[in-house]
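Counting starts at 1 for both ligands and their atoms, in listed order. Each residue takes its place number in the sequence, starting with 1.
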Amino acid sequence: MMARGPALAAILLLFAAAAPLASAQSQFLPLLFSGDALTAEQAAQVAGVWEQVDGFRMDGSVLDDTLRQAAKAAAAADISAEDVDFEAVLANATSPATGPLSFKLFIPAIYPSTGAFGAYYLIGKPGEKPAVTRMLGMGASTNDGVLLVGTKDEDTGMWYGLVKDDDTMVVLYMEGLEAWDKDHKKVVDNQVVAQYQYRKLPSEEIKDALALVVAKDALEANESQQIAAADRKEHS
Ligand SMILES: *[C@@H]1O[C@H](CO)[C@@H](O)[C@H](O)[C@H]1NC(C)=O
Ligand SMILES: *[C@@H]1O[C@H](CO)[C@@H](O)[C@H](O)[C@H]1NC(C)=O
């Protein structure tokens, strides 16, 4: 739970920051198929190692729980349902991006003529070896910056990024599937909506990020090579 004031301020600030993102999303297909390649400058802006520095997330399970508690508290205090502070519920169900984990996103490159890119999330506690997961996506030029749309290999969500300049990216992430364990006691995959801000790290970070990606499937190197070989055979 977090204090209401800062959470609401964070929500309002980030919603304001995301307004251009929402309009850019609806224009994505025309932009992607416009035939306009990304410039070398835009491609360079996208590539590199990004670090999550701000933002918030709201989990569906936490929202349910917060709403239940607020209803219970209101009933106990003889407050009618329409007087429940639902904005405070939203604020209380929101958690800040700045937790114990460090989130980095390594984008080796974006292909200027098609907009295709691959990227890797490096997520872990500072000082410990992070988990490495993959993202694939497409990017297109907009008036607000380079809009990126992608999916992750380990989750069901849609990921949107807007690279606004050399070192600023805003991200919208939405995950729809909520999966429970067989006793319906624990959420094993959560529904979530999140907005984040990223800063580009110095290019020296690429060396370590690349080493982590290369080591990602080390134990199953043979297996992953075979999967890649089968995919190449079938799809190219
Ligand atoms: C929100 O959280 C604060 C601090 O924990 C608490 O005092 C308040 O009752 C909560 N309100 C709602 C509506 O959840
Ligand atoms: C990789 O797998 C193939 C097929 O199972 C096997 O023939 C080969 O010896 C393996 N290579 C290594 C280095 O383990």
Side-chain angles (χ1 to χ4, degrees), residues 1-26 50-105 121-128 130-131 133 135 149-152 154-162 164 168-199:
M1 293 286 155
M2 63 188 299
R4 184 183 161 196
L8 269 183
I11 292 174
L12 293 175
L13 195 81
L14 281 152
F15 277 173
L21 189 59
S23 68
Q25 265 178 55
S26 59
W50 296 85
E51 181 172 40
Q52 190 171 296
V53 291
D54 205 355
F56 70 90
R57 60 180 285 152
M58 182 165 68
D59 289 78
S61 58
V62 177
L63 177 62
D64 283 0
D65 185 54
T66 311
L67 201 49
R68 259 185 217 117
Q69 285 179 31
K72 223 164 117 185
D78 220 7
I79 294 170
S80 60
E82 69 266 29
D83 290 328
V84 172
D85 190 344
F86 290 115
E87 280 187 17
V89 168
L90 274 187
N92 281 0
T94 302
S95 43
T98 44
L101 296 180
S102 144
F103 289 77
K104 288 181 185 171
L105 181 66
Y121 259 101
L122 314 169
I123 303 173
K125 291 192 181 135
E128 290 179 13
T133 56
M135 185 160 71
V149 177
T151 57
K152 296 181 177 180
E154 105 291 21
D155 250 323
T156 55
M158 284 304 300
W159 183 99
Y160 302 91
L162 182 65
K164 297 168 86 168
T168 313
M169 173 166 66
V170 289
V171 165
L172 166 65
Y173 183 55
M174 292 187 291
E175 221 175 82
L177 183 70
E178 184 167 281
W180 292 75
D181 69 350
K182 66 178 174 14
D183 301 325
H184 213 265
K185 290 250 160 65
K186 193 168 165 249
V187 174
V188 291
D189 198 2
N190 45 8
Q191 186 186 26
V192 69
V193 62
Q195 282 190 30
Y196 300 120
Q197 284 185 37
Y198 283 75
R199 287 270 173 278

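- Every atom of ligand 1 is numbered from 1 in the order shown, and the set under 4.0 Å from a heavy atom of T66 is 14 (O).
- Not a single salt bridge (Lys or Arg N to Asp or Glu O under 4.0 Å) links D155 to another residue, sequence neighbours left out.
- Side-chain N/O atoms of Y196 and W50 include no donor and acceptor closer than 3.5 Å.
- Taking distance alone, with nitrogen or oxygen atoms compared against 3.5 Å, N92 approaches ligand 1 more closely than that limit.
- With sequence neighbours left out, K152 forms a salt bridge (Lys or Arg N to Asp or Glu O under 4.0 Å) with no residue at all.
- Atoms of ligand 1 found under 4.0 Å from any heavy atom of V89, numbered from 1 in the order shown, are 13 (C).
- Between D83 and I79, the shortest heavy-atom distance links the atoms CB-CG2, 3.7 Å.
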